There are 2 protein chains.
Amino acid sequence: MNYELKYSKLGNNLKSSLIRELLKYASVPNAISFGGGVPDPETFPRHELSKIAAEVIENEYSYVLQYSTTEGDLELAKQMLNLLDKIYGINGLDETNIMFTTGSQQALELAGKVFLDEESIAIVENPFYLGAASAFRMRFSKFVSVSLEDDGMNVEVLEKKLKELDEKGEIKKVKFIYVIPNFHNPAGATLSLEKRKRIIELAEKYDLLIIEDDPYGLLRFEGEHLPSLFKLAGKERVILLNTFSKILAPGLRIGAVIADKEIVRKFVLAKQGTDLCSPALTQRIAARYLERYDLIEQITPTIKLYKSKRDTMIKAFEEYFSDIKGIKWIYPSGGLFTWVTLPEGFDTLEMFEIAKKKLVFYIPGQAFTPDDSKSPSMRMSFCLPPHEKIIEGVKRLKEVILEYGRNEGLI
Amino acid sequence: MNYELKYSKLGNNLKSSLIRELLKYASVPNAISFGGGVPDPETFPRHELSKIAAEVIENEYSYVLQYSTTEGDLELAKQMLNLLDKIYGINGLDETNIMFTTGSQQALELAGKVFLDEESIAIVENPFYLGAASAFRMRFSKFVSVSLEDDGMNVEVLEKKLKELDEKGEIKKVKFIYVIPNFHNPAGATLSLEKRKRIIELAEKYDLLIIEDDPYGLLRFEGEHLPSLFKLAGKERVILLNTFSKILAPGLRIGAVIADKEIVRKFVLAKQGTDLCSPALTQRIAARYLERYDLIEQITPTIKLYKSKRDTMIKAFEEYFSDIKGIKWIYPSGGLFTWVTLPEGFDTLEMFEIAKKKLVFYIPGQAFTPDDSKSPSMRMSFCLPPHEKIIEGVKRLKEVILEYGRNEGLI
């Protein structure tokens, strides 16, 4: 049977992501991988979760083993409302402003369903978070991208592009501005307060929604938490996406959509047809965990661990990369990633062939360009390898850069 | 902000399902509900699952609490391959033929993504499983429906409609035939062996895929298991959907797609952008459970329980309904549902107003018509109410039928 004749346009368009293909190599022996953005499993509170899981299955079986509501666990919503108040200073919400999703990937996919048509436009960052890209691409919408600087989206470019769209009569097609404000994936950058305010002004001027995706906000190593766009602009303007993947455990697959109740209602209806409900079990485990433990206290060692690894990586960059002319990197004040940009002419996807030989892995920037264009940048995750491997990996990477640079006559 | 201007066509089209709206009433005190198709929580093996959950979190935390592959747990795939062999006599498959989903609702949604465009046609049953309807409707495809008889799809109608589509030059738009062969939801009917073969012949003649959705097949009360369409026609022609919701616990949210590896690959790619992966935790719990316990043995008491409730309900129908001229019902040889059809002129959705007063609840057939047309039928689930409530509920329902029938001059 020729399945291609049966597939939809979407079915025929689905391709394996670059990142997944590349990460296959990362599991060879002696490889050092800065590729995956997955948390260190030693940071998961396994003893506590094990005990809670046994308890909730034994005592709350008629809830946790049964079909649940599409909206998700009300006990977890209660805990989430507490967290929003404590962490973001967001209050005045109730459970109608929250829906839980199967990881925040599902929240992105539902956002695509609810807002995007083929002729729609989404304003996105460049580099662009891959998960959002794959979700939004399933709607065949157009992206208008705005480059990132060390302090987030270039707001002059944003303003210019919105003005152009308005002049071309296309501003009504623009559905939202998608932004990762804290410790950006892949770029590590954090959006400054001034720029947050400017983005909100522009969204108000052109009557656009903002999707604020904040999986890493709590993983701040130093400095003050900046107010979220949701806090600054209110729920009529901003949809806040959150997740327990980076602060508790990704295997629970719990994301959250926090928004105006009318929008939450739409997301719920979209989720009904999509997977009916996420597991009640994992949500109730998280709810009981948050009830019993102080999350902020619990994640303090995780933050310390990641901070020390960030320090090791940046120190290694300074030691090994400082004589590579034109190289630069983001100094992330939290999260899991830094973003290294090589001099003009470098193509980190092409360079990957050498990296494979030298057994050091990163994600080429091309994986994050909205239009799949070549990139001299790469995403480097520091959360998983031990300190000595970070140093060794950066050494290897230097050799890779030098070899590629010489081969191509770039250095 | 006027969100309607921001919503996509899909977003603006999403409406709450009739079934959900109606079931809100079912939770009032003293109500008897034959509405929900959810299993009895007392059938869940909570002690075993509680123990296993604690163990896998404690010992396999770096797997169960971490991001997983999109394909799902390989240990569970191993168990699924065993089950397929033992239960369906399906062998010769390997893990590349299986993908796990967040409940089988997700499998239906991914089928929509992979196969259906707006101009596509799906052949469906009438009555039509609501979950499939809501998944496929998100693609705005067209349905061509084939009425169900006591022994499943009317194959003469199927043949006639396919012939018509062929003559109109539209057969290429037809992507698949969607069928629930065993103990149909909502109709309770089981597709006869002869008809299974005929559907396969027609699918071969017109080169169509078959999506065989079999959540209830193991819940057979009497008689022999019939061979699955997948077994009869092979993986090139049939996509088999399965779930642990009715035989273990729906709260785990584990569905399975069993298909040709090329099709599984497409589903995996569609799932990547949809929710990245389902929880590793719930999948590993199911895998370890299936490793340690004989599922067939474990579900024997469940089958006995549902069978005795089916008997109670059918006996109550015979006792209370036999003097209602023209009423008929399906005698289901397994599963959770029977399907009662009232004489012509009855509209079970309109009749629901009286049912609300009399505190007895069913799902009006209109919820399951592919074109939202009026229906004299209703879905009656016997799995959840205790025996005495089943009898009392049928008594109340008779009063409802009589009152409505008299009001409308139908009896």
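To find a chain, count down the sequence lines: A is the first, B the second, and so on, and within it residues start at 1. No experiment lies behind these values; they were computed from the predicted model shown.
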Original post:
Does B:P39 offer a backbone N or O that forms a donor-acceptor pair with the side chain of A:Q66 under 3.5 Å?
Top reply: yes
**OP:** Answer with side chain, backbone, both or neither: which region of A:A270 has an atom nearer than 4.5 Å to a non-hydrogen atom of chain B?
**Re:** both
Original post:
Counting distance only, does the side-chain N/O of B:E262 pair as donor-acceptor with the main-chain N or O of A:Y3 below 3.5 Å?
Top reply: no
**OP:** Against chain B, label A:S120 side chain, backbone, both or neither, depending on which of its atoms sit under 4.5 Å from a heavy atom there.
**Re:** neither
Original post:
Hey, does A:K271 have a side-chain heavy atom less than 4.5 Å from the side chain of B:Q105?
Top reply: no
Original post:
Between B:S50, B:G103, B:G11, B:P41, which shows the greatest number of heavy-atom pairs under 4.5 Å with chain A?
Top reply: B:S50
Original post:
Is it the side chain or the backbone of B:A280 that comes within 4.5 Å of chain A heavy atoms, both, or neither?
Top reply: backbone
**OP:** Test salt bridge (charged side-chain N to carboxylate O under 4.0 Å, His left out) on B:E119 and A:K9 and set out the steps.
**Re:** CA-CA 11 Å; B:E119 61 276 15; A:K9 177 179 166 189; over 6 Å; no
Subject >> Flag side-chain contact, heavy atom, 4.5 Å: A:K51 against B:I57 >> reply: no
Original post:
What part of B:L49 gets closer than 4.5 Å to chain A, counting heavy atoms only: side chain, backbone, both or neither?
Top reply: both
Subject >> Chi angles and distances behind the side chain to side chain contact (heavy atoms under 4.5 Å, CB included) call for A:Q106, B:Q106 >> reply: CA-CA 11 Å; A:Q106 186 179 53; B:Q106 185 180 52; 5.7 Å; no
**OP:** Let me know if A:I263 has heavy atoms under 4.5 Å from chain B in its side chain, its backbone, both or neither.
**Re:** both
**OP:** For each of B:P279, B:S134, B:G131, tally heavy-atom pairs with chain A at distances under 4.5 Å, and name the one with the top tally.
**Re:** B:P279
Subject >> Side chain, backbone, both or neither of A:L208 within contact of chain B (heavy atoms, under 4.5 Å) >> reply: both
Subject >> Residue part contacting chain B, namely of A:V56, when any heavy atom lies under 4.5 Å >> reply: neither
Subject >> Quiz item: cation-pi between A:K266 and B:Y7, 6.0 Å / 45° >> reply: yes
**OP:** Output yes when a side-chain donor or acceptor of B:Y61 lies under 3.5 Å from a complementary backbone atom of A:E42, and no otherwise.
**Re:** no
**OP:** Among the options A:L10, A:V38, A:L281, A:T274, pick out the one with the most heavy-atom pairs lying under 4.5 Å from chain B.
**Re:** A:T274
**OP:** Step by step, work out the side chain to side chain contact (heavy atoms under 4.5 Å, CB included) result for B:L209 and A:M1.
**Re:** CA-CA 9 Å; B:L209 286 165; A:M1 191 165 193; 3.7 Å; yes
Subject >> Non-hydrogen atoms of A:E58 and B:H47 that approach each other most closely >> reply: OE2-ND1, 2.6 Å
Original post:
Once you round to the nearest 0.5 Å, how far does CG of B:D207 lie from CG of A:L5?
Top reply: 8.0 Å
Original post:
What part of B:T282 lies closer than 4.5 angstrom to a heavy atom of chain A: side chain, backbone, both or neither?
Top reply: side chain
Original post:
Within 45° of the ring axis of A:F176 and under 6.0 Å from its six-membered ring centre, is that where the NZ or CZ of B:K6 lies?
Top reply: no
**OP:** Taking all heavy atoms of B:L14 and all of A:L269, pick out the closest pair and write down the distance.
**Re:** O-CD1, 3.5 Å
Subject >> Largest heavy-atom contact set with chain A, pairs under 4.5 Å, which of B:R237, B:E236, B:E118, B:R265 >> reply: B:E236
Subject >> Polar side-chain atom of B:S8 near backbone of A:V114 as donor-acceptor pair, under 3.5 Å >> reply: yes
Subject >> Donor-acceptor pair, side chain of B:D275 and main chain of A:T102, under 3.5 angstrom >> reply: no
Original post:
Can you list the steps and then say if B:S62 with A:F44 is a side chain to side chain contact (heavy atoms under 4.5 Å, CB included)?
Top reply: CA-CA 8 Å; B:S62 66; A:F44 304 149; over 6 Å; no
Original post:
Where on A:K15 is there a heavy atom nearer than 4.5 Å to chain B: the side chain, the backbone, both, or neither?
Top reply: backbone
**OP:** Calculate, to the nearest 0.5 Å, the distance between atoms CG and CZ belonging to B:N12 and A:F115 respectively.
**Re:** 10.5 Å
Subject >> Selection from B:G112, B:A249, B:A107, B:G255 maximising heavy-atom pairs under 4.5 Å formed with chain A >> reply: B:A249
Original post:
Picking from A:S278, A:A53, A:C277, which has the most non-hydrogen pairs under 4.5 angstrom with chain B?
Top reply: A:C277
Original post:
Nearest heavy-atom pair of B:L276 and A:R253: which atoms, and what distance?
Top reply: CB-NH2, 3.5 Å
Subject >> Contact origin within A:R137 toward chain B - heavy atom pairs under 4.5 Å >> reply: neither
